[in-house]
Amino acid sequence: MNRLLRFDGRVVVVTGAGGGLGKAYALLFADRGASVVVNDLGGTAQGDGSSQRAADSVVDEIKRKGGKAVPNYDSVTEGEKIIETAVQKFGRIDILVNNAGILRDRSFVKMTQEDWDVINQVHVVGSFKTAKAAWEHFRKQNYGRVINTSSVAGLLGNFGQSNYSAAKSGIVGFSNTLAKEGARYNIHTNTIVPMAGSRLTESVFPPELHAALKPELIAPVVAWLCHEDCNENGVVIEAAAGFAAKYQWQRAGGAVLRSSLSDDVTVEAVRDKWSQVTDLTTNADYPTAPEEAMGKLMDALRLQEKGLGSTENISRANLSQLSFPEIKVKYNVNQAILYALGLGVRLTDAEGMNYLYENSDDFRVLPTFPVVPAMQCMYEVLKFPSLNVDFTQILHGEQYVELLRPLEPDAELTLRTEVVEVLDKISGCVYVIKVSGDDEQGPVFVTEWHAFEVGAGKFGGQRDTSKPMTRPIPAPKRSPDAVLSFKTDEGLAALYRLSGDANPLHIDPSFAQMGGFSKPILHGLCTYGIAVRLILNKYANADPKLFRCVKGRFSKPVYPGQTLEVLTWKENTRVPFEVRVKETGQTVISGGYVDLINQTSKL
Ligand SMILES: CCCCCCC[C@@H](O)CC(=O)SCCNC(=O)CCNC(=O)[C@H](O)C(C)(C)COP(=O)(O)OP(=O)(O)OC[C@H]1O[C@@H](n2cnc3c(N)ncnc32)[C@H](O)[C@@H]1OP(=O)(O)O
């Protein structure tokens with residue numbers, strides 16, 4: 001972790017390296033062992049004149065410190081000559097930092113064609129020329145790093161900079177395409193959005209701010225993006241004043257503007273849907289490639305084909321026709337530990353340290369943990385506006401969790417949500433929702449959720465399932481092989497709700513009363529996770545690697561403080577189970593089973 005990131009053997013071209021940002025980049029790369037081509041035409045900030053002094057003095061400074069550098073004085077519009085210098089003097093080119101730039105700021109009313117053209121030449125054509133000349137070298141050696149330079153003016157616009165904004169915005173699109181074309185040759189292209197106190201900004205910023213925006217605070221961000229350990233490709237990173245952050249495109253959930261393919265889109269429909277078109281808070285997504293962007297359009301077409309174009313037409317009866325966007329979510333050991341605490345794991349338990357201390361010899365994530373990140377997908381569905389779900393009446397009905405691989409202690413997950421069907425049970429409706437998750441290595445879990453909305457039946461839907469899905473199984477007729485006991489504590493729901501389900505039903509007495517309960521009830525998933533944990537302890541040496549899947553139906557609520565008794569039967573690799581409350585004798589999870597892999601029987 002503390003290994004110094006070096007560039008020994010790498011050859012770097014930095015354009016516009018005679019001062020400001022480019023100079024800071026060149027000095028840092030040289031200091032970390034790279035051979036550097038210090039390019040600078042030596043012109044003014046407006047792009048007039050030329051001089052060798054700027055590049056020479058940076059080369060001298062690098063050499064004085066024992067580094068390797070050569071100057072180059074060509075304009076970036078002749079980028080091939082700059083790359084040629086690297087190849088001639090150092091024999092190769094690994095990293096290209098397109099930094100050179102000039103300004104011709106004028107309000108648009110005063111902007112001339114020449115102001116426009118010269119800015120385009122230096123920024124856009126210049127970046128193209130150098131990248132084009134370096135590209136064949138990168139492809140042949142299957143390695144290359146390109147940094148192109150944009151600006152907040154390019155991303156957001158800025159008064160007096162229409163020429164510069166257009167060029168800097170063009171550079172973002174250019175970079176993103178190079179990133180896609182270069183990926184299979186291990187050529188990574190990223191965009192830096194710096195804000196530095198350089199000669200370009202001297203006239204724009206007040207002197208104190210100018211001094212605080214030191215280029216040296218940005219250079220390490222560029223160096224990291226160019227290092228072989230950095231896997232980023234196609235990102236836009238803003239860096240300034242000791243701060244760095246990624247920018248990305250966000251697209252609103254949007255609106256379908258007509259009900260069916262045979263309808264026209266009217267101006268009035270656009271007006272009426274405008275708040276949805278521009279609402280970035282509901283179902284927004286972050287496409288990074290045209291294929292991803294197309295997904296939502298195809299969904300919209302599908303809805304129009306079925307005459308469901310208007311989201312007001314979405315009801316329980318046709319909810320399964322709707323596509324929900326993928327969600328990306330990260331988790332880490334903290335969430336895994338908090339989840340274990342919420343399931344009553346304590347340090348005094350035999351396996352406690354393994355679930356509660358990330359540095360223990362055998363840190364483990366409980367196998368039912370996927371319900372924590374996946375819970376938000378459930379709320380995305382149930383919150384769908386035209387459903388008007390009454391959350392005081394939502395109860396967890398059934399749950400299935402299948403692990404395809406043991407869970408990592410931390411990961412970034414891509415979650416996919418599918419409404420399988422909504423069943424009409426007359427006394428209520430059951431939303432059957434599948435959420436699958438992939439981590440960086442591929443598919444990792446599949447879950448199936450049944451949410452019971454009391455009082456929302458009789459909508460004309462079908463009562464029984466038409467799709468193959470997981471079902472509870474009847475418990476064996478014989479007496480249980482083992483009964484595993486666990487006393488929940490009064491505060492357990494308050495702790496469990498920190499694991500992705502803050503439903504007030506589990507903490508707020510008045511909300512619980514609206515749902516028809518005398519006091520807040522325990523999360524179904526808490527009872528469920530405890531049962532699986534006890535079964536794993538009993539039949540699988542507390543080893544999550546031996547877990548395959550679990551299913552169970554919540555048949556009665558549990559109140560925090562009650563004692564759970566998990567009735568288990570051992571049938572080869574399957575452990576059928578039921579959970580009952582000791583104090584009342586009521587079954588609270590029925591039809592349950594845990595499937596194990598190569599379980600070690602303790603019977
Ligand atoms: C996905 C979840 C994410 C959403 C976010 C919120 C999550 C959490 O915050 C909420 C919770 O954790 S709630 C706590 C855990 N759950 C519970 O306590 C529910 C306990 N179950 C009940 O009360 C009843 O079974 C009850 C009320 C569910 C049903 O009882 P009745 O209305 O009396 O139904 P009944 O007459 O027995 O059966 C009618 C039909 O419904 C089916 N059914 C029954 N229980 C079901 C259940 N639990 N899940 C799915 N389907 C169920 C029956 O099979 C029957 O169908 P059919 O008529 O076709 O035979």
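Because the structure is a prediction, the values reported are computed rather than measured. Numbering of ligands and ligand atoms starts at 1, following listing order.
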Is there any side-chain hydrogen bond (donor to acceptor under 3.5 Å, both in side chains) pair reaching into residues 557-566, and which pairs are they, with sequence neighbours excluded? Thr563-Glu583, Glu565-Arg580
Identify every side-chain donor-acceptor pair in residues 425-436 under 3.5 Å, counting partners at least two apart or on other chains, and give the distances.
{"unit_1": "Lys425", "atom_1": "NZ", "unit_2": "Arg463", "atom_2": "O", "d": "2.8"}
{"unit_1": "Tyr431", "atom_1": "OH", "unit_2": "Arg316", "atom_2": "NE", "d": "3.0"}
{"unit_1": "Tyr431", "atom_1": "OH", "unit_2": "Arg316", "atom_2": "NH2", "d": "3.3"}
{"unit_1": "Tyr431", "atom_1": "OH", "unit_2": "Glu453", "atom_2": "OE1", "d": "2.5"}

Under a 4.0 Å threshold between the charged nitrogen and the carboxylate oxygen, would Lys328 count as salt-bridged to Glu412? no
Pairs flagged by ring pair (Phe, Tyr, Trp, His ring centres under 6.0 Å) wherever residues 396-430 is involved - sequence neighbours left out: His396-Trp449, His396-Phe554
Strictly under 4.0 angstrom, heavy-atom based: which residues surround ligand 1? Met378, Tyr379, Leu382, Ile394, Leu395, His396, Gly397, Glu398, Lys425, Ser427, Val430, Trp449, His450, Ala451, Phe452, Arg463, Asp501, Asn503, His506, Ile521, Leu522, His523, Gly524, Arg553, Phe554, Ser555, Lys556, Pro557
Side chains of Ser150 and Val236: does their closest heavy-atom pair fall under 4.5 Å? no
4.5 Å side-chain heavy-atom contact, Ile589 and Val558: no
